[in-house]
Amino acid sequence: MTIFDVSLALKRGMLTYPGDPAFSIEHRFSITNGDGFNLSLLSLTTHAGTHVDAPAHYIDGGATIDSMTLNIMIGPGVIIDMRGRSVIDRRALEESALTDETRVFFKTDNSLKIREPAFRDDYTYIADSGAELLIERNVKLVGIDYLSVDKIDDEDAPVHKLLLSSGVLIVEGLDLLNVPAGPCRISCPPLLLLI
Ligand SMILES: [Zn+2]
């Protein structure tokens, strides 16, 4: 069994969503500088790199990540090849290899862009109709290889709200460049973070 790490490296200058504060790391203690150990101080948003969106991200008073069951985030799933498409809508999904798995990651042309530090607003996103189909198919975990499931200029974030209010968790910032499409086992437990 081949194990693929689908997470982005947290590093200085890494890609962030427009408006998000940058990731930073400061070597607070350093053996080179005479300290007894190395220890770093991190500064990052909860949206940095590969992450799970909890309902509270878009729903005021919604469930927070610490209350999410790990059962959704670990188990069988499928990676659907959506390369060549600019939007994942109902029709694209009906024409895809979508199975009845409850965990679905989308591999798109975004995987060619996500390691680049410059944000690209022409990323492949999920349309409302695509989100509705995923909910109808009883999908519980949806992942995509860029920093939002919604279109860049849609500030109402309809896809986030549709999915999160229907009990579907979202994974963003996946790096699927070298991962083959098809059935797989998914494991994406988030940090136990109390906000
Ligand atoms: Zn999100």
Leu191 CG: over 12 foreign heavy atoms closer than 6.0 Å
no

### Task
Evaluate the criterion side-chain contact (heavy atoms from CB on, under 4.5 Å) for residue pair Val52 and Met68; output intermediate values, then yes/no.
CA-CA 10 Å; Val52 178; Met68 298 283 99; over 6 Å; no

query = Does a salt bridge link Glu116 with Arg120, judged by any charged N lying under 4.0 Å from a carboxylate O?
reply = no

Check: Side chains of Ser148 and Asp150: donor-acceptor distance under 3.5 Å anywhere?
Finding: no

Below 4.0 angstrom, N of the basic side chain to O of the carboxylate: do Arg91 and Asp89 qualify? no

- [ ] Look at the side chain of Tyr123 and the backbone N and O of Ile152, then say whether any donor-acceptor pair between them is shorter than 3.5 Å.
- [x] yes

* Asked: Any donor and acceptor pair, going by atom type alone, linking the side chain of Lys161 with main-chain N or O of Ile59 inside 3.5 Å?
  -> no

Side chains of His27 and Asn38: do they bring a donor and an acceptor to under 3.5 Å? no

Chi angles and distances behind the side-chain contact (heavy atoms from CB on, under 4.5 Å) call for Phe105, Leu176: CA-CA 9 Å; Phe105 282 180; Leu176 300 174; 4.3 Å; yes

Do you see a donor-acceptor pair shorter than 3.5 Å between the side chains of Glu172 and His160?
-> yes

Between Lys113 and Asp122 (salt bridge meaning N to carboxylate O under 4.0 Å), is one present in this structure? yes

task = Look at Arg103 together with Glu101 and state whether they make a salt bridge at an N to O cut-off of under 4.0 Å.
result = no

Residues Tyr146, Phe119; criterion ring-ring contact (aromatic ring centres under 6.0 Å, His included); working and verdict = CA-CA 10 Å; Tyr146 216 62; Phe119 188 87; 5.4 Å; yes

Taking atom CG as the centre, does Leu193 end up with more than 12 heavy-atom neighbours from other residues, nucleotides or ligands that are less than 6.0 angstrom away?
yes

Exercise for review: Compute whether any side-chain donor of one residue and acceptor of the other, for Asp145 and Thr108, lie under 3.5 angstrom apart.
Suggested key: yes

Check your understanding: Taking 4.0 angstrom as the limit, do Arg137 and Asp100 come out as a salt bridge?
Key -> no

Exercise for the section: Please test Thr102 against Val139 for side-chain contact (heavy atoms from CB on, under 4.5 Å), starting from the C-alpha separation and ending with a verdict. Expected result: CA-CA 4 Å; Thr102 55; Val139 171; 5.8 Å; no

Pair Ile88-Ile144, side-chain contact (heavy atoms from CB on, under 4.5 Å): steps then yes or no:
CA-CA 10 Å; Ile88 300 170; Ile144 197 160; 4.2 Å; yes

Output for pair (Leu10 CG, Phe23 CZ), nearest 0.5 Å, gives 5.0 Å

Determine whether more than 12 heavy atoms belonging to other residues, nucleotides or ligands lie under 6.0 Å from atom NZ of Lys151.
-> no

To the nearest 0.5 Å, atom OG of Ser24 lies from atom CG of Leu41 at 7.0 Å

- Any donor-acceptor N/O pair, Ser67 side chain to Ala63 backbone, under 3.5 Å: no

Check your understanding: Between Thr50 and Gly173, is there a donor-acceptor pair closer than 3.5 Å when you use the side chain of the first and the backbone of the second?
Key -> yes

field: Flag side-chain contact, heavy atom, 4.5 Å: Phe106 against Ile126
entry: yes

>> Does Glu26 form a salt bridge (Lys or Arg N to Asp or Glu O under 4.0 Å) with Arg12? I'd like the steps, not just the answer.
In response: CA-CA 10 Å; Glu26 176 194 332; Arg12 291 190 185 99; over 6 Å; no

| query | Donor-acceptor pair, Ser166 side chain versus Val168 backbone, under 3.5 Å? | reply | no

Aromatic plane relationship, His47 with Tyr17 - under 30° parallel, 30 to 60° tilted, over 60° perpendicular = perpendicular

- Would you say Asp60 has more than 12 foreign heavy atoms packed within less than 6.0 Å of its CG? no

**Message:** I'd like to know if Arg90 pairs up with Glu136 as an ion pair, taking the criterion as any Lys NZ or Arg NE/NH1/NH2 lying under 4.0 Å from an Asp or Glu carboxylate oxygen.
**Reply:** yes

Practice item. Kindly indicate whether the side chain of Lys107, heavy atoms from C-beta on, has any atom under 4.5 Å from the side chain of Arg83. Key: yes

